[in-house]
Amino acid sequence: PSKPKYYVLEMLPYPSGTMHMGHMRNYAIGDVVARVKRMRGFNVLHPMGWDAFGLPAENAAIKNKTHPRTWTNNNIAQFQRVLRRFGFSYDWRREISTCEPEYYRWNQWFFLRMLERGLAYRKKSLVNWCPKCGTVLANEQVVNGGFCWRHEDTRVESREIEQWFLKTTAYSDQLLDDLKQLEGTWPERVILMQKNWIGKSQGAKVKFAVMGVKGAKPIEIFTTRIDTIYGATAIILAPRHPIVDKLLRGPMNRKPQPPLKAKLKQLDRMRQTSVKTEDLATLEKEGFFTGRYAKNPFTKKKIPIWVGNFVLMEYGTGAIMAVPAHDQRDLEFCRKYKLPVRVVVQPKEVESSKSKAEGQKKSASVTGSSRQVGEEAFTDYGISVNSGPFNGLSSEEAIAKMSAFAARKRFGKAETIYRLRDWGISRQRYWGTPIPVVYCAKDGMVPVPDKDLPVLLPPDPTFLAGETYAAPLQVQTGMADSPLATPEFVNTTCPKCGGPARRETDTMDTFVDSSWYFYRYCDPHNDKAPFDPAKVAYWFESPDAESPGIDQYIGGITHAILHLLYSRFWCKVMRDLGLVKHDEPIARLFTQGMVQKGGVAMSKSRGNVVGAEEMAQKYGADTGRLYTLFAAPPEKDLEWSEESIEGCWRFVNRVYRLIERHGEAIANAGSFDFGRSPMSEKERELIRRTYQTLQRVTSDFETRWHFNSAIALIMELTNDIYALEPLEQGVRPEVRKEVLEMLTLMLAPMTPHLAEELWEILGHPDGLWNAQWPILVTGQLELAREDEVEIPVQVNGRVRGRVKVPAGSAEPEVVRVALTLPTIAQHVNGKRVIKQIYVPDKLLNLVVG
RNA sequence: GCCCGGGUGGCGGAAUGGCAGACGCUGAGGACUUAAAAUCCUCCGGGGAUUUUUCCUCAUGUGGGUUCGACUCCCACCCCGGGCACCA
């Protein structure tokens, strides 16, 4: 605790079947950082745990008729064994597993806090539904463009069922605005992806009165282009818009007549279309006229109300105004159904075309009404035309004035909407955290009191009994079938009235588990609270750190949106609960590249995994670590190559042979005196190369994260030492010791086992794990400097020769020497030197002409 | 369609406006060995001149530009990878 703290974390793994080199790379990067920081005097927190709930465990359990817990715990044991074998420096005392009640009870606890604050709620929402399975499917289980993965002849339906949500949208603005705090420390593209995901859109909502239907509420539309409202030639509703039925049937709710019947059929089909977005993208636009009209509040003219399959109920208000002249989708729709196209925005005169040279003042007059609209809508900003009192305004001005006008007349207002939606956390699955509420006939939905947490998963899920879930319970509970729906679990008593009640059978999305686990590491065994705020404050809010949060988080880009967004949301909720004081949980984020084989990411399903344990078996853990660090820069994808790993294996052995050869002889040597006694040429060279390498490796580790070039530098040093063999001739033991010790220390973060072994050979029986990173001091720094430098000499930017001069030589001296070179003289001869550029100790360029 | 990355030898890659190809792999040749493995040494972008040595020239996706000098900065385009998307 006397040292500054440093929290380095790799994203926790899902313990699936095999741990492969893709996993390993992630941990190797994190472990280098952890070890370097430790060597540099930090108090490092570097924990590991298991994202242990989830679907694959359940599927494996169904397939093998075993319990998900058994399958998961076996995998955890395997993963742990491999991680230990690779020597990653984790604090195993802090290990967590999200499927343990000691962990997931706090998911429930957080859920209840959110429920109290209105941040958790239940609502009907659209889901993928397979009628044959009688259950909800995850998007991933919808295959072949809309069919069930288990019943490939069955089209997945879109259904509305009650689901639990967390109100991420309550934090839309903060989630967007606080991204600014992450600029420079998070990858730019992750910030951008989150920005797009939140999707802030500024526009206006406008109400259109429905004509001729008694009691019909006005239809509210959202638009970012209120300035085009004079060009609106229809209103188009989402098929699911609640007003559609009323418009079609009218106030009497008559029996459908033949044309109406056809429309209802079409509507039904449109509503049944899968909610999968990929399908929507390829869908042909279609729709029908409802037979009703709305009044455009600006023009006071009536325009037809249509239903269109391309309008989404989930975005905006579920209704749009169609402005075919200025929106491509509207144009396509209106052309198909022969709706009128009305131009209301004219392109601005391009400034540069008002050429002064021509001396002509081009007329800015508007010829809008006669303008032809072709296949492409004009969607840019311009000048309003055919827009009554707003004619001649720029689009920007028109948007401001028309929004204000609408607000004054009370039929609309400027509004900002977001693409971000609330987080649906309900899963009709077994292997997850039970949602801690019960339903009572008298008291309705009742939260489970804190004292009754955790709500434990029933030990025996229904699916272990057979293929189908317990059907009678569906009738009994009226809920969607769920593997939790056993009478023992469902039937309980109401915490309020003590009467009979039934439990919620949904479990939570596993992203809940990973949204806050990194706080739990600070206090993993607390059974009174998710964590002690003081302990979290130490690791997250130390005043010494450059900014609050995990100092360095490392993981794949695949989690750029979901996991990282949910974690940010959770942090803000915790802050508002008074548990933490910071706004953002992750100070610095690094997204490492994938390990690929055959151009695609390693995965068990593709069958291209290279097992981590096999590699350790074959080449040793250190070679495996070294290879994943050396083969590519950490942020780039890495194509697995068995031949390249051989090269690392050779290097590891080469270093070992070198030190083994000299180690015993120099183990008891005294310490190097920084050259206060005279040095041989060979000693001087050795020491200089070693110190220079240290300086560059330090910079590669600390500031640039160029692990691959750091390793290249160490390889070069090793080659240089070999080139000076035999070292016994002309190199004193203490100099050899200095060089070989530094080589060992530099390797330690990457190949810790090798380094420990070498350290012992070099006469340090106490081990290297606690050694300090070497820092050059006065005396050593001078030795790192070159006395003589070789300077490339250019003539007109092309290298024509090199000169060797003492370091720090003055420009005239360098020029004088350069001109003595025949190749230089040849190019300069007979010409005049117009200019000379000299970069001290680096380069000389003579410009002749 | 919009938004991000990225294009350098046979391959992975290095070079933060200053010697393009470090380091490693592969390949070729040699040493050691009865032999093999291991190890060690030499060479390895294209073209040309000179033949022991050097020198010239082309070359970092393509075409322009800025600069004494560009893989690096700017503009346009091509290709590859990724993200988002009938988002009103």
Side-chain angles (χ1 to χ4, degrees), chain A residues 187-197 199-201 203-204 221-226 228 236 238 277-278 280-285 308-312 314-323 326-330 332-333 379 417-419 557-558 560-561 593-594 599 626-627 630-633 635-648 650-651 653-654 657 699 703-704 706 708-719 722-723 725 790-802 822-823 826 834-839 842-849:
Chain A
E188 199 186 344
R189 60 175 171 154
V190 175
I191 293 175
L192 267 158
M193 280 161 81
Q194 294 220 352
K195 250 183 210 164
N196 290 340
W197 190 262
K200 187 174 181 170
S201 178
I221 60 103
F222 176 79
T223 178
T224 53
R225 292 299 299 276
I226 193 173
T228 63
I236 308 177
T277 47
E278 293 96 289
L280 282 177
T282 53
L283 219 58
E284 160 93 19
K285 283 184 186 50
N309 64 342
F310 69 102
V311 180
L312 306 171
E314 300 79 30
Y315 186 75
T317 59
I320 63 163
M321 61 176 192
V323 186
H326 305 294
D327 183 282
Q328 193 57 36
R329 294 152 301 172
D330 296 351
E332 283 166 31
F333 189 82
T379 56
I417 64 162
Y418 298 86
R419 206 186 74 99
I557 186 76
T558 40
I561 295 172
M594 286 179 305
L626 195 70
Y627 170 72
F630 177 62
E635 71 279 5
K636 282 185 75 173
D637 289 345
L638 183 162
E639 176 67 29
W640 179 262
S641 150
E642 186 83 20
E643 285 151 349
S644 296
I645 197 171
E646 294 269 359
C648 291
R650 278 199 280 269
F651 170 70
N653 282 295
R654 203 163 138 85
R657 283 194 305 271
S699 141
T703 56
R704 304 186 340 147
H706 285 195
N708 55 331
S709 54
I711 295 167
L713 287 166
I714 297 170
M715 285 175 169
E716 265 185 277
L717 177 64
T718 308
N719 292 345
Y722 264 98
E725 283 274 40
E790 194 183 68
I791 297 175
V793 181
Q794 300 180 329
V795 179
N796 288 344
R798 309 193 62 121
V799 179
R800 300 296 181 184
R802 292 147 224 285
T823 48
Q826 180 196 326
I834 303 168
K835 199 171 176 183
Q836 60 192 43
I837 287 106
Y838 180 61
V839 185
K842 270 250 165 104
L843 175 132
L844 174 68
N845 187 11
L846 301 171
V847 185
V848 301

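Residue numbers begin at 1 in each chain, while the letters A, B, ... track the order of the sequences. Side chains are part of it too, since the values below use all heavy atoms of this structure and drop only hydrogens, waters and symmetry mates.
Between A:K636 atom NZ and B:G81 atom C1' there is a gap of 11 Å when expressed in whole angstrom units. Atom-to-atom, CD of A:E314 to C1' of B:A88 comes out at 14 Å; the value is rounded to the nearest Å. The CZ-P distance, from A:R225 to B:C86, rounds to 20 Å in whole Å. Counting to the nearest Å, the P atom of B:C87 and the OH atom of A:Y315 are 9 Å from each other. B:C68 atom P lies 17 Å from atom CZ of A:R798, rounded to whole Å. One atom, CE of A:M193, and another, C1' of B:G5, lie 11 Å apart when rounded to the nearest Å. In this structure, A:Y722 places its OH atom 14 Å from C1' of B:C41, rounding to the nearest Å. Across the protein-nucleic acid pair, A:E635 atom CD and B:U16 atom P stand 14 Å apart, rounded to whole Å.
Residues A:D330 and A:A322 approach most closely at OD2-CA, 3.4 Å, considering heavy atoms. Listed here is the closest heavy atom pair of A:I236 and A:V311: CG2-CG2, 3.6 Å.
Summarising the base pairing, B:C23 is matched to B:G12 through a Watson-Crick or G-U wobble pair whose two defining distances lie under 3.5 Å. As the counterpart of B:C84, B:G1 is assigned, both hydrogen-bonding distances of the Watson-Crick or G-U wobble pattern falling under 3.5 Å. Under the Watson-Crick or G-U wobble criterion, with both distances below 3.5 Å, B:U33 is left unpaired in every strand shown.
For the pair A:Y627 and A:F651, the minimum side-chain heavy-atom distance is 4.5 Å or more. A:S201 has its side chain out of reach of A:R419: every pair of non-hydrogen atoms, C-beta onward, lies at least 4.5 Å apart. No side-chain heavy atom of A:R329 sits less than 4.5 Å from a side-chain heavy atom of A:I320.
Separating the P atom of B:G45 from that of B:C23 is a span of 13 Å, rounded to the nearest Å. Using P as the reference atom, B:A38 and B:C25 are 12 Å apart when rounded to the nearest Å. A gap of 29 Å separates the C1' atoms of B:A14 and B:G83, to the nearest Å. Taking the C1' atoms as reference points, B:G13 lies 29 Å from B:G64, given to the whole Å. Of the C1' atoms belonging to B:A76 and B:G82, the separation is 24 Å, rounded to the nearest Å. Nucleotides B:G18 and B:U72 are separated by 11 Å at their C1' atoms, to the nearest Å. Separating the P atom of B:C79 from that of B:U62 is a span of 15 Å, rounded to the nearest Å. Taking atom P in both B:U53 and B:C44, one finds a spacing of 13 Å when rounded to whole Å.
If you check B:A15, B:A88, B:U39 against the side chain of A:V311, the one that comes closest is B:A88. With B:U57, B:C19, B:U39 as the candidates, the nucleotide lying closest to the side chain of A:R802 is B:C19. In this structure, the nucleotide among B:C4, B:C87, B:C68 sitting nearest to the side chain of A:V847 is B:C68.
Taking only distance into account, the side chain of A:K285 meets the base of B:C86 through a donor-acceptor pair shorter than 3.5 Å. Side-chain atoms of A:N845 and base atoms of B:C68 include a donor and an acceptor less than 3.5 Å apart.
Not one side-chain nitrogen or oxygen of A:R329 sits closer than 4.0 Å to the OP1 or OP2 atom of B:G1. Taking 4.0 angstrom as the limit, A:K842 places none of its side-chain polar atoms (N or O) nearer than this to OP1 or OP2 of B:G18. Within the structure, a side-chain polar atom (N or O) of A:H706 is placed less than 4.0 Å from OP1 or OP2 of B:A15. A sub-4.0 Å separation between OP1 or OP2 of B:C2 and a side-chain N or O of A:R419 is absent. In this structure, A:N796 does not reach the B:G69 phosphate: none of its side-chain N or O atoms is under 4.0 Å from OP1 or OP2.
Using a 4.0 Å heavy-atom cutoff across all strands shown, A:R189 reaches sugar-phosphate atoms only and no base atom. Across all strands shown, A:D330 has no heavy atoms under 4.0 Å from either base or sugar-phosphate atoms. The residue A:R704 sits close to a base: some heavy atom pair falls under 4.0 Å. When heavy atoms are screened at a 4.0 angstrom cut-off, A:Q836 is found touching no nucleic acid atom at all.
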| task | Under the side-chain contact (heavy atoms from CB on, under 4.5 Å) rule, what do A:M321 and A:T223 come out as? Steps first, then yes or no, please. | result | CA-CA 8 Å; A:M321 61 176 192; A:T223 178; 3.7 Å; yes
| task | Starting from the C-alpha separation in whole Å, work towards a yes-or-no answer on side-chain hydrogen bond (donor to acceptor under 3.5 Å, both in side chains) for A:R654 and A:N719. | result | CA-CA 9 Å; A:R654 203 163 138 85; A:N719 292 345; 2.7 Å; yes
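Residues passing the ring pair (Phe, Tyr, Trp, His ring centres under 6.0 Å) test with A:F630, sequence neighbours excluded: none.
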Please list, for nucleotides 23-27 of chain B, all pairs of protein and nucleotide N/O atoms separated by less than 3.5 Å.
from: B:G24; atom 1: OP1; to: A:N719; atom 2: ND2; distance (Å): 3.1
from: B:C25; atom 1: OP1; to: A:R650; atom 2: NE; distance (Å): 3.0
from: B:C25; atom 1: OP1; to: A:R650; atom 2: NH2; distance (Å): 3.0
from: B:U26; atom 1: OP2; to: A:R650; atom 2: NH2; distance (Å): 3.1

Collect all protein-nucleotide pairs involving nucleotides 46-54 of chain B in which both atoms are nitrogen or oxygen and the distance is under 3.5 Å.
none

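Using bins of under 30°, 30° to 60° and over 60° for the plane-to-plane angle, the ring pair A:F333/A:F310 lands in the tilted bin.
For B:G83, the base is anti relative to its sugar; the glycosidic angle deviates from 0 by more than 90°.
Remark: the backbone N or O of A:M594 is paired with a side-chain donor or acceptor of A:D637 at under 3.5 angstrom.
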